Amino acid sequence: PRDLYDFPTNRFVANFIGTPPMNLIPGTLRTGGDSLVFTTEGLNATIPPALAERVKDRVGKEIVLGLRPRSFLMPGEQAEEDEKAAAPWVAVPEIAEMLGDESLVHMRMGDNLIVVSMHPHRVPSLDVPCDIYPIMTRAHFFNPETGQNMTLNVDIPGRDSIRRKS
């Protein structure tokens with residue numbers, strides 16, 4: 001079950017395994033200098049080279065980015081040593097579920113609603129835009145037509161790390 005959670009073979013598994021489910025964000029790929037960049041509604045994230053190699057055929061086409069709720073950092077939080085957080089995205093917190101040692105914050109980014117897991121003492125003010133940092137070494141990319149995960153079995157530092165410093 002752990003492998004299914006960490007490395008879902010398709011969008012159905014990504015959405016079915018885990019509570020809350022993986023955030024699935026539709027967007028497109030474009031080139032940005034020497035890198036590939038995922039873009040959606042004005043938000044951009046540089047894709048780590050090992051993952052970019054798997055999705056390069058979709059430049060200029062639609063793709064679905066998958067990130068688990070624990071795959072984001074808030075300002076002031078540090079990524080694990082082998083992880084890389086992307087430039088910040090601006091999101092608007094709409095609902096905060098306090099669950100004891102974590103909070104699930106439902107955030108809006110344009111037309112996309114995502115869930116971010118965070119320390120309960122770091123929950124931002126509701127309805128006030130804030131920065132969140134996607135950890136792109138934890139990202140998955142799904143083919144929007146077939147639903148298949150295009151980035152399975154990629155050897156990348158931080159890829160299987162789901163720990164986060166509090």
Side-chain angles (χ1 to χ4, degrees), residues 1-73 79-80 82-95 97 104-118 129 131-164:
R2 187 69 201 190
D3 283 345
L4 288 175
Y5 178 85
D6 288 338
F7 307 105
T9 56
N10 56 50
R11 282 191 309 188
F12 174 80
V13 173
N15 203 37
F16 183 75
I17 302 291
T19 303
M22 183 177 281
N23 295 296
L24 298 171
I25 306 165
T28 57
L29 289 182
R30 65 174 178 79
T31 55
D34 295 342
S35 303
L36 285 185
V37 178
F38 172 81
T39 302
T40 183
E41 298 188 47
L43 303 172
N44 300 308
T46 300
I47 301 171
L51 296 178
E53 183 63 29
R54 293 289 181 95
V55 298
K56 65 184 178 186
D57 293 341
R58 294 213 57 96
V59 170
K61 299 177 185 174
E62 293 182 3
I63 197 162
V64 177
L65 167 64
L67 286 166
R68 292 278 179 203
R70 290 184 181 261
S71 297
F72 296 89
L73 297 172
E80 293 291 324
D82 55 356
E83 294 178 327
K84 173 104 171 89
W89 290 352
V90 177
V92 179
E94 294 185 343
I95 300 169
E97 298 178 64
L104 298 177
V105 181
H106 300 253
M107 300 181 145
R108 180 156 307 278
M109 297 183 317
D111 289 336
N112 296 302
L113 185 63
I114 65 167
V115 177
V116 177
S117 172
M118 63 183 67
D131 289 342
I132 59 172
Y133 297 82
I135 302 172
M136 294 305 290
T137 48
R138 297 184 187 177
H140 296 274
F141 287 94
F142 299 91
N143 182 307
E145 289 90 29
T146 67
Q148 293 302 302
N149 187 339
M150 301 171 67
T151 51
L152 288 178
N153 303 317
V154 175
D155 185 22
I156 180 172
R159 178 75 165 158
D160 60 355
S161 173
I162 60 165
R163 300 173 316 279
R164 187 169 75 196

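This structure is a prediction, so every number in the text was calculated from the model and none was measured.
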Subject >> Parallel, tilted or perpendicular: rings of W89 and F38 (30°, 60°) >> reply: tilted
Original post:
Does CD in E94 sit with more than 12 non-hydrogen atoms of other residues, nucleotides or ligands closer than 6.0 Å?
Top reply: yes
Subject >> Considering all heavy atoms, the nearest V90-M109 contact >> reply: O-CG, 3.7 Å
Original post:
If you take all heavy atoms of G66 and L24, which pair is closest and at what distance?
Top reply: CA-CD2, 4.0 Å
Original post:
Under a 4.5 Å cut-off applied to non-hydrogen side-chain atoms, are P20 and L104 in contact?
Top reply: yes
Original post:
Is a side-chain N or O of S117 found less than 3.5 angstrom from the main chain of P69, in a donor-acceptor match?
Top reply: no
Original post:
Is there a donor-acceptor contact under 3.5 Å from the side chain of T151 to the main chain of L51?
Top reply: no
Original post:
Do you know which two heavy atoms are closest between A139 and L65, and how far apart they sit?
Top reply: CB-CD1, 3.6 Å
Subject >> Pairwise salt bridge (charged side-chain N to carboxylate O under 4.0 Å, His left out) hits with a residue in residues 34-44, at least two apart >> reply: none
Subject >> Inter-residue atom distance I25.CD1 - T40.OG1, 0.5 Å rounding >> reply: 7.5 Å
Original post:
If you measure from CG on L29 to CD1 on I47, what distance do you get to the nearest 0.5 Å?
Top reply: 4.5 Å
**OP:** Describe, in one word, how the ring planes of F142 and H140 are oriented to each other, choosing from parallel (under 30°), tilted (30 to 60°) and perpendicular (over 60°).
**Re:** tilted
**OP:** Name all residues meeting the side chain to side chain contact (heavy atoms under 4.5 Å, CB included) criterion together with T46; count only those two or more places apart in sequence or in a different chain, and write none if there are none.
**Re:** S35, V37
**OP:** Enter the distance from Q148:CD to N143:CG here, rounded to the nearest 0.5 Å.
**Re:** 8.0 Å
Subject >> Nearest atoms (heavy-atom pairs only) where V55 meets F141 >> reply: CG1-CB, 3.7 Å
Subject >> F72 side chain near L67 side chain, heavy-atom distance below 4.5 Å >> reply: yes
**OP:** Supply the atom-to-atom distance L73 CG to I135 CD1, rounded to the nearest 0.5 angstrom.
**Re:** 4.0 Å
Subject >> N/O donor-acceptor pair under 3.5 Å between N15 side chain and P21 backbone >> reply: no
Subject >> Closest non-hydrogen atom pair between L152 and P8, with its separation >> reply: CD2-O, 3.6 Å
**OP:** Would you check if R11 and M22 make a side-chain contact, meaning some heavy-atom pair closer than 4.5 Å?
**Re:** no
Original post:
Which residues satisfy the side-chain hydrogen bond (donor to acceptor under 3.5 Å, both in side chains) test with K61, sequence neighbours excluded?
Top reply: none
**OP:** Enter the distance from T31:OG1 to L36:CG here, rounded to the nearest 0.5 Å.
**Re:** 7.5 Å
**OP:** Output the distance between atom CE (M107) and atom CD1 (I95), rounded to the nearest 0.5 Å.
**Re:** 12.0 Å
Subject >> side chain to side chain contact (heavy atoms under 4.5 Å, CB included) between M150 and D57, intermediate numbers included >> reply: CA-CA 11 Å; M150 301 171 67; D57 293 341; 6.0 Å; no
Original post:
Hey, are T39 and N44 close enough side-chain-wise for a donor-acceptor pair under 3.5 Å?
Top reply: yes
Original post:
Can you tell me if R68 uses its side chain to pair, donor with acceptor, with the backbone of D6 under 3.5 Å?
Top reply: no
Subject >> Stepwise side chain to side chain contact (heavy atoms under 4.5 Å, CB included) check, H106 with E97 >> reply: CA-CA 8 Å; H106 300 253; E97 298 178 64; 2.5 Å; yes
Original post:
Under the 3.5 angstrom rule, does the side chain of N10 hit a backbone N or O of G147 as a donor-acceptor pair?
Top reply: no
